[in-house]
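Notes for the one structure printed next.
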Amino acid sequence: MTPGSQFLGTLRRRVAAPLAGIAVALAAWWMVGHVVGANPATANFAGFAPAPALLRLGAMIGHGDVVRSVAPSLFRVGKGLLFAIAIGVPLGVGIGRNQTLRAATHIPFQFLRMISPLAWMPLAVMGFPSWEGAIVFLIAMAAVWPITFSTAHGVQRIDPRWFKVARNLGAEPWQMLRTVVLPAVTQDILTGVRLAVGVAWIVLVPAEYLGVTSGLGYAINDARDTLEYDRLAALVLVIGAIGFVLDGACLAMIRRFGWSLEA
Amino acid sequence: MCDKCEDGSLLHTPLSRRQSLDLLAAGGLAALLAGLGMGQARAAEPVDGKLRIGYLPITDASALLVAHAKGFYQDEGLEVEEPQLLRGWSPLVESFAAGKFNLVHLLKPIPLWMRYNNSIPVKIMAWAHTNGSAIVVGKDTGISDFKGLGGKQVAVPYWYSMHNIVLQMALRSVGLKAVIKAEGEPVAADECALQVMSPPDMPPALAARKIDGYIVAEPFNAAGEMKAGAKILRFTGDIWKNHPCCVVCMHEADTQKRPEWTQKVINAVVRAEVYASQNKKEVAHLLSRDGKGYLPMPSEVVERAMTFYDEADYQSPKAIQHKAEWHNGRIDFQPWPYPSATKLIVKALSETVVAGDRTFLSKLDPDFVAQDLVEYGFVRRALDKFPDWRLDPSVNPGNPLNREEVIAL
């Protein structure tokens, strides 16, 4: 392969393919907007089409609406994720290391992780004195499972000989955790976090149905209540962009801290 | 469990498993409250004595919000927190039951269910408003009277709502049967298929012809008129004269443990209703996002929802037929909870088709409910303090505390 053709291949993968993907998505978006807009009965609801949505997005950025909505939501998602990591990682390590614990928790956890965040709402409302707490709880309840299972999976895959070596060298359990387990499963934890970020964003919108007066979910609900679909679509774009950035950050961390046996 | 059932008409039977499943399937309030299922639900603990208000973004909340916006609570010496906006009846009921709020507005049949099916000690303190809803149809459906609803799909906001009750009265009056059908099942010409839909989804669903009509509170009728080309088939206040819709609710514990505080709250609410009744246009602007932003809707929509009520504008279909005789508005504000209306609702509910189980309803005695569920003392004293409430067109100044329910289909 000549350097020239290699360069072309990279160009195709890195630039042309993503651009084509975006173009297809935009075309589909525009098409749906056009169909809804062309029907006189539904024309008033075609605000979600690309042109009005992007115009509205520009106006919202200009007015500072976007920043005002993003900050509290990011804060809630961040807090929820912190709790999910604080609970999910130790839980995952425990399940991965201890067969009895794994057997005991398997069925309850499978049930718990299928519970929709909406079904947790009554408990969240009654169990937490503040709305903020209830929302963070809903996010954490959804985000904890990918982190737990991914961590447990990683721990299970650790080569048993590593533990043998560590024990032979006289490692205490704490040292074992720090020098063997955690370095070995960092990549799995980060993969779990990456999945959890996606879930947390999905839960955010219904969670902000509860009594708060700020945030992206709150703004989306407002847009629905007022039938302003251009605003709704603009907010969806904002959520998508932030999700993309967060996902990129997770990927970068995985590349930084990850390793594989082949490398 | 049922220490208030001296006449034995109110036997509290625990739900069977099968019934619970039906209720869950119905996805209604029953499922939610069954989920709360804590026997005697926690009542609000007056920790710091602050007034906490929960509301939905609809004009039904006006009285509670006007009292806040105009400082009426402070005038009574109350400490009040910023009212909290919630997005659905379920979270509002849950938070109220959990003690997060001590003043809310609820659709009139909801406290009925809370108190008698779930033993949550709630009291109706006053009416939040009267009238203020409409039956709306798509402009291309050709529906011009109730008969036209035959073979059609109509959405209601909640099975246990005044809206569902009034709609089915209208259907019965022209010999149509209210039915609940699975998606795609054919609807016979003498039937009208009902479904529950959340209000913000109604105008777009109507525009997309998923439904042929809906009945709901404002401002979603005004929004439907302005955005979905919807037509008002009939205002509910033109069917049932000055009917109640949302009611003001508080915890029974507050009425017993701190009656003076409760009296101040009700004074402020009644004063706000008198104010709203006399200044609808100003109130509409105040509540909208162009005013103080309690409601997310723009001023023009809220204003239409509260004031636009002229026979000339609603000729075809003839949505207003009794204004000259009844003198009511699109929405009116008067707080007195006429017992006759409560009784009528309890009776009507047992004739109304709803999804899920409703055995508890058949055991309710209308006279008992009118006495037990509604707290008359506080609102009565507040009315004496603010006699201008009689000026509202929905009050008969000659005999303000009693009335006969008038239903004219």
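So you know, we letter chains A, B, ... as the sequences are listed, proteins then strands, and number each from 1. When reading the values below, keep in mind they use all heavy atoms of this one structure, side chains included, and skip hydrogens, waters and symmetry mates.
Contacts with chain B (heavy atom to heavy atom, under 4.5 Å) involve no residue of residues 54-74 of chain A.
The minimum heavy-atom distance between A:Ile95 and A:Thr148, with the atom names listed, is CD1-CG2, 4.0 Å.
Applying the salt bridge (Lys or Arg N to Asp or Glu O under 4.0 Å) test to pairs two or more places apart or on separate chains, those with a residue in residues 190-202 of chain A are A:Arg194-A:Asp247.
In the model, A:Glu132 has no side-chain atom that pairs as donor or acceptor with a side-chain atom of A:Ser130 under 3.5 Å. If you check the side chains of B:His163 and B:Tyr214, you find no donor sitting under 3.5 Å from an acceptor.
With a threshold of 4.5 angstrom between heavy atoms, B:Arg289 approaches chain A through side-chain atoms but not through N, CA, C or O.
Here A:Phe45 is the residue among A:Tyr218, A:Tyr229, A:Phe45 with the most heavy-atom pairs under 4.5 Å with chain B. Counting heavy-atom pairs closer than 4.5 Å to chain A, the top residue among B:Pro57, B:Gly54, B:Ala223, B:Pro203 is B:Pro203.
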Check: Given the rule in the salt bridge (charged side-chain N to carboxylate O under 4.0 Å, His left out) test, do B:Asp201 and B:Lys210 qualify, once you have shown the distances and angles that lead to the verdict?
Finding: CA-CA 11 Å; B:Asp201 294 333; B:Lys210 297 271 177 306; over 6 Å; no
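Here B:Ile120 contributes atom CD1 and B:Cys249 contributes atom SG; the two are 11.5 Å apart, rounded to the nearest 0.5 Å.
Cation-pi geometry between B:Arg304 and B:Phe308 is met: the NZ or CZ atom falls under 6.0 Å from the ring centre, inside 45° of the normal.
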